[in-house]
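See structure below.
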Amino acid sequence: RRCNLTACSSKYVLSALHPMWQGPLVAPGGNRQSPIDIRVRKSVFDPHLKPLTPDYDPRTCSQIWNNGYSFLVEYDDTTDKSTLKGGPLEDNFRLCQFHFHWGESNAWGSEHTVDRRLFPAELHMVHWNSDKYSRFEEAVMEENGLAVIGVFLKIGKRHEGLQKLVDVLPAVRHKDSVVEFTRFDPACLLPTNIDDYWTYAGSLTTPPLTEAVTWIIMKQHIEVSHDQLAVFRSLLFTSAEEEVQKSMVNNFRVQQSLQGRTVRSSFT
Ligand SMILES: NS(=O)(=O)/N=C1/NCCS1
Ligand SMILES: [Zn+2]
């Protein structure tokens, strides 16, 4: 297994000894892969970027499950009830799920970094283009198919909205476990300021790694408590039947080269 350095900051140098899935570290022929390091001074302010307008209906929240890589909170995306528009997006996008990536320690865990700064975790809210495609599986293959909002998590005060989710995680401890989870408003996980973000053309960071994503990375982080994040780490990569149980930690992909891409900012 190739060992190469992933995002390293002044305090912590990571190795790829923690790559979490056996897939390719770089998609074959990929020239717009994710995640990346966002070099703030190299990002370009785009005055034409509009405010982002998420419009989520908590009643579309349906279930939470452990897919063996993260835990996903899934939304009913058969209608345009929970949508994302604006920002860099030309079309209407439907929320289908959100999930997180985190480390075994609070020193790392995010997939994207800002000037090499690592965060303990990163939230991804996944949407697909419902103006152009009729289902996620179709949109995931198209370059304008997906929009993912990334939000960094920092250790601080307890996040009251997150607690409802934290409380149910023990019920999906093992891979392939699923429980009903309803009336959760994902907007409560967004930072107070969603007008300041970076955006770039990239890919999914887990299979199928397709180069279908308009990434929208929030400048402002959210805070969660140490104990709340510790519950994420109590999840397992492994199913109940497996002999050896493996803690679900370090479920992030190694960073990919920018390959000449420009990261735009919505703020100066
Ligand atoms: N982490 S991610 O959001 O870029 N990857 C995904 N793979 C399938 C649905 S979302
Ligand atoms: Zn993700």
Side-chain angles (χ1 to χ4, degrees), residues 6-7 18-27 30 32-38 54 62-77 82 84 88-89 93-103 108-113 118-130 133 135-153 162 165 175-176 178 186 189-190 197-218 221-222 224 229 232 235 237 248-256 258 261 263:
T6 56
H18 302 289
M20 284 330 303
W21 38 271
Q22 303 312 314
L25 291 181
V26 178
R32 50 171 282 190
Q33 288 289 299
S34 295
I36 60 167
D37 176 45
I38 296 168
S62 61
Q63 64 179 23
I64 184 168
W65 70 291
N66 178 330
N67 71 347
Y69 182 74
S70 182
F71 63 89
L72 309 185
V73 177
E74 294 194 314
Y75 284 76
D76 165 27
D77 60 358
S82 288
L84 176 66
L89 307 173
F93 286 72
R94 244 179 233 173
L95 174 70
C96 57
Q97 53 105 327
F98 71 79
H99 62 273
F100 298 81
H101 303 262
W102 59 92
W108 63 80
S110 62
E111 296 210 302
H112 291 89
T113 49
L118 290 149
F119 291 84
E122 183 173 330
L123 160 65
H124 288 161
M125 299 174 76
V126 183
H127 312 73
W128 56 272
N129 187 330
S130 58
Y133 310 108
R135 68 185 61 76
F136 172 81
E137 290 74 17
E138 186 189 345
V140 78
M141 305 308 290
E142 306 297 334
E143 67 172 328
N144 58 359
L146 304 178
V148 182
I149 295 178
V151 182
F152 295 116
L153 276 62
L162 185 73
L165 198 163
K175 179 180 177 190
D176 298 330
V178 54
L189 297 176
L190 292 172
Y197 56 83
W198 294 281
T199 182
Y200 76 99
S203 74
L204 294 175
T205 66
T206 71
L209 297 175
T210 43
E211 298 184 334
V213 183
T214 298
W215 279 96
I216 301 166
I217 307 289
M218 290 294 145
H221 61 266
I222 59 170
V224 303
L229 200 53
F232 284 25
L235 295 175
F237 283 126
M248 184 180 277
V249 293
N250 302 328
N251 54 354
F252 50 83
R253 188 190 192 192
V254 292
Q255 291 198 334
Q256 308 294 306
L258 198 53
R261 286 173 284 178
V263 176

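Each ligand, and each atom within it, is numbered from 1 in the order the structure gives.
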Ligand-residue contact atoms, ligand 1 with Q97, heavy atoms, under 4.0 Å: 9 (C), 10 (S)
Among H99, H112, H101, exactly one meets side-chain hydrogen bond (donor to acceptor under 3.5 Å, both in side chains) together with E122. Which residue is that? H112
Where on P207 is there a heavy atom closer than 4.0 Å to ligand 1, on the side chain, on the backbone, on both, or on neither? backbone
Please state which protein non-hydrogen atom is closest to atom 5 (N) of ligand 1 and give its distance, to 0.1 Å? T206 OG1, 3.1 Å
Any N or O of W215 that comes nearer than 3.5 Å to an N or O of ligand 1? no
Which atom, among the N/O/S set of H99, is closest to the Zn ion (ligand 2)? NE2
Does any N or O atom in H101 lie less than 3.5 angstrom from one in ligand 1, N or O only? yes
Partner of W102 under ring-ring contact (aromatic ring centres under 6.0 Å, His included), chosen from W108, F252, F71: F71
For Q63 and E74, which I'm curious about, is there any donor-acceptor pair between the side chains at under 3.5 Å? yes
So, 4.0 Å and heavy atoms of H99: is ligand 1 close enough to count as a contact? yes
Please could you name the atoms of ligand 1 that H124 approaches to less than 4.0 Å, counting only its heavy atoms? 1 (N), 3 (O)
Looking only at side-chain N and O atoms, does R32 offer a donor or acceptor that is under 3.5 Å from a partner on Q256? no
Return yes if a side-chain donor-acceptor contact under 3.5 Å exists between D37 and T113, otherwise no. yes
Taking atom types as modelled, find out whether W215 and T199 have a side-chain donor-acceptor pair closer than 3.5 angstrom. no
Any N/O of T205 closer than 3.5 Å to an N/O of ligand 1? yes
The Zn ion (ligand 2) is nearest to which N, O or S atom of H124? ND1
Should T210 and E142 be marked as a side-chain contact (heavy atoms from CB on, under 4.5 Å) after you check the CA-CA gap, both sets of side-chain angles, and the distance that decides it? CA-CA 8 Å; T210 43; E142 306 297 334; over 6 Å; no
